[in-house]
Colleague: 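Dumping the structure here so I can ask a few things about it.
Basis for what follows: all heavy atoms, side chains included, without hydrogens, waters or symmetry-related copies.
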Amino acid sequence: MKPSFDTIFMKLATDLALRSHCVKAHVGAVLTRDTRIISIGYNGPPAGTHNCDEEWPDVGCARDSKGSCSLALHAEENAILYAVKSGAKLEGATLYTTLSPCIACARLIFSAGIKQVYFSKSYAQYKGIASDEGVDFLNRFGVPTVKLEEL
């Protein structure tokens with residue numbers, strides 16, 4: 001039996017997460033439209049800065065005021081930014097990400113016109129917070145955001 005495109009794209013996001021230079025978490029993202037890949041991304045510092053796993057292999061980069069990485073872009077941000085830089089149209093795209101979007105990424109996803117989001121693990125559970133604010137935001141404003149069962 002052939003795997004579904006959802007399975008293929010989520011597996012690709014999972015594989016992309018392995019490219020991350022973050023010491024704390026590895027997250028991957030794939031943007032698609034009509035079964036075609038538009039852009040990919042994984043979390044880590046902006047190109048041309050520091051690779052955390054090389055510069056600070058034991059502790060990672062410094063934390064910001066909210067306890068998050070001070071250098072890292074999220075996988076969704078990197079995928080969206082690369083798509084924009086390369087002139088790809090995001091309106092109507094679908095996003096596959098290994099970790100559900102945080103609230104900041106959710107606002108970016110919504111504003112970019114992405115129409116559907118699939119994720120495999122909970123950001124809230126990873127961060128130890130009460131709810132998946134990003135998922136709640138996207139679902140509230142008409143962007144279906146659903147967890148794909150383990151692949």
Colleague: Hydrophobic clusters here meaning ILVMFWY residues chained together by side-chain heavy-atom distances under 4.5 Å, can you tell me if V84 and F110 are in one?
Modeller: yes
Colleague: In Å, rounded to the nearest 0.5 Å, how long is the span from NZ of K85 to CG of N78?
Modeller: 9.5 Å
Colleague: Kindly say whether I80 contributes a backbone atom to a donor-acceptor pair with the side chain of S39 at under 3.5 angstrom?
Modeller: no
Colleague: Would you name the heavy atoms of P144 and Q116 that are closest together and state the gap between them?
Modeller: O-NE2, 3.1 Å
Colleague: Hydrophobic clusters join Ile, Leu, Val, Met, Phe, Trp and Tyr when side-chain heavy atoms are under 4.5 Å apart, directly or via other members; which others share one with L73?
Modeller: L81
Colleague: State plainly whether one hydrophobic cluster holds both L31 and I40, where clusters connect Ile, Leu, Val, Met, Phe, Trp and Tyr through side-chain heavy atoms under 4.5 angstrom apart.
Modeller: no
Colleague: Could you give the distance from CZ (F5) to CG (D34), rounded to the nearest 0.5 Å?
Modeller: 10.5 Å
Colleague: Within a strict 4.5 Å, meaning less than it, do heavy atoms of the E76 and L108 side chains meet?
Modeller: no
Colleague: Within this structure, what is the CG-NZ distance for the pair N43 and K24, rounded to the nearest 0.5 Å?
Modeller: 13.0 Å
Colleague: What donor-acceptor contacts under 3.5 angstrom involve side-chain atoms of residues 133-143, with partners at least two apart or in another chain?
Modeller:
unit_1: N139; atom_1: OD1; unit_2: T145; atom_2: N; d: 2.8
unit_1: N139; atom_1: ND2; unit_2: V135; atom_2: O; d: 3.3
unit_1: N139; atom_1: ND2; unit_2: T145; atom_2: O; d: 3.3

Colleague: What's the shortest heavy-atom distance between P101 and A106, and which atoms?
Modeller: CB-N, 4.2 Å
Colleague: Before you tell me yes or no, could you show the steps for I37 and F9 under side chain to side chain contact (heavy atoms under 4.5 Å, CB included), namely the whole-Å CA-CA distance, both residues' side-chain angles and the distance that decides it to 0.1 Å?
Modeller: CA-CA 8 Å; I37 296 169; F9 294 141; 3.7 Å; yes
Colleague: When Ile, Leu, Val, Met, Phe, Trp and Tyr are grouped by side-chain heavy atoms lying under 4.5 Å apart, directly or through other members, which residues fall in the same group as L99?
Modeller: V27, Y123, Y126, I129
Colleague: Is any side-chain heavy atom of F119 less than 4.5 Å from a side-chain heavy atom of L148?
Modeller: no
Colleague: Hydrophobic clusters here meaning ILVMFWY residues chained together by side-chain heavy-atom distances under 4.5 Å, can you tell me if L90 and V30 are in one?
Modeller: no
Colleague: Suppose we screen for ring pair (Phe, Tyr, Trp, His ring centres under 6.0 Å). Which residues come up paired with Y82, at least two apart in sequence or across chains?
Modeller: none
Colleague: What residues form a side chain to side chain contact (heavy atoms under 4.5 Å, CB included) with S111, not counting sequence neighbours?
Modeller: none
Colleague: Going hydrophobic residue to hydrophobic residue with side-chain gaps under 4.5 angstrom, can you get from I38 over to Y118?
Modeller: no
Colleague: Is there a path from L16 to M10 through hydrophobic residues (I, L, V, M, F, W, Y) whose side chains come within less than 4.5 Å of each other?
Modeller: yes
Colleague: Output the distance between atom CZ (R19) and atom NE2 (H26), rounded to the nearest 0.5 Å.
Modeller: 11.0 Å
Colleague: For residues 92-104, which residue pairs pass the side-chain hydrogen bond (donor to acceptor under 3.5 Å, both in side chains) check, not counting sequence neighbours?
Modeller: D6-Y96, S100-D132
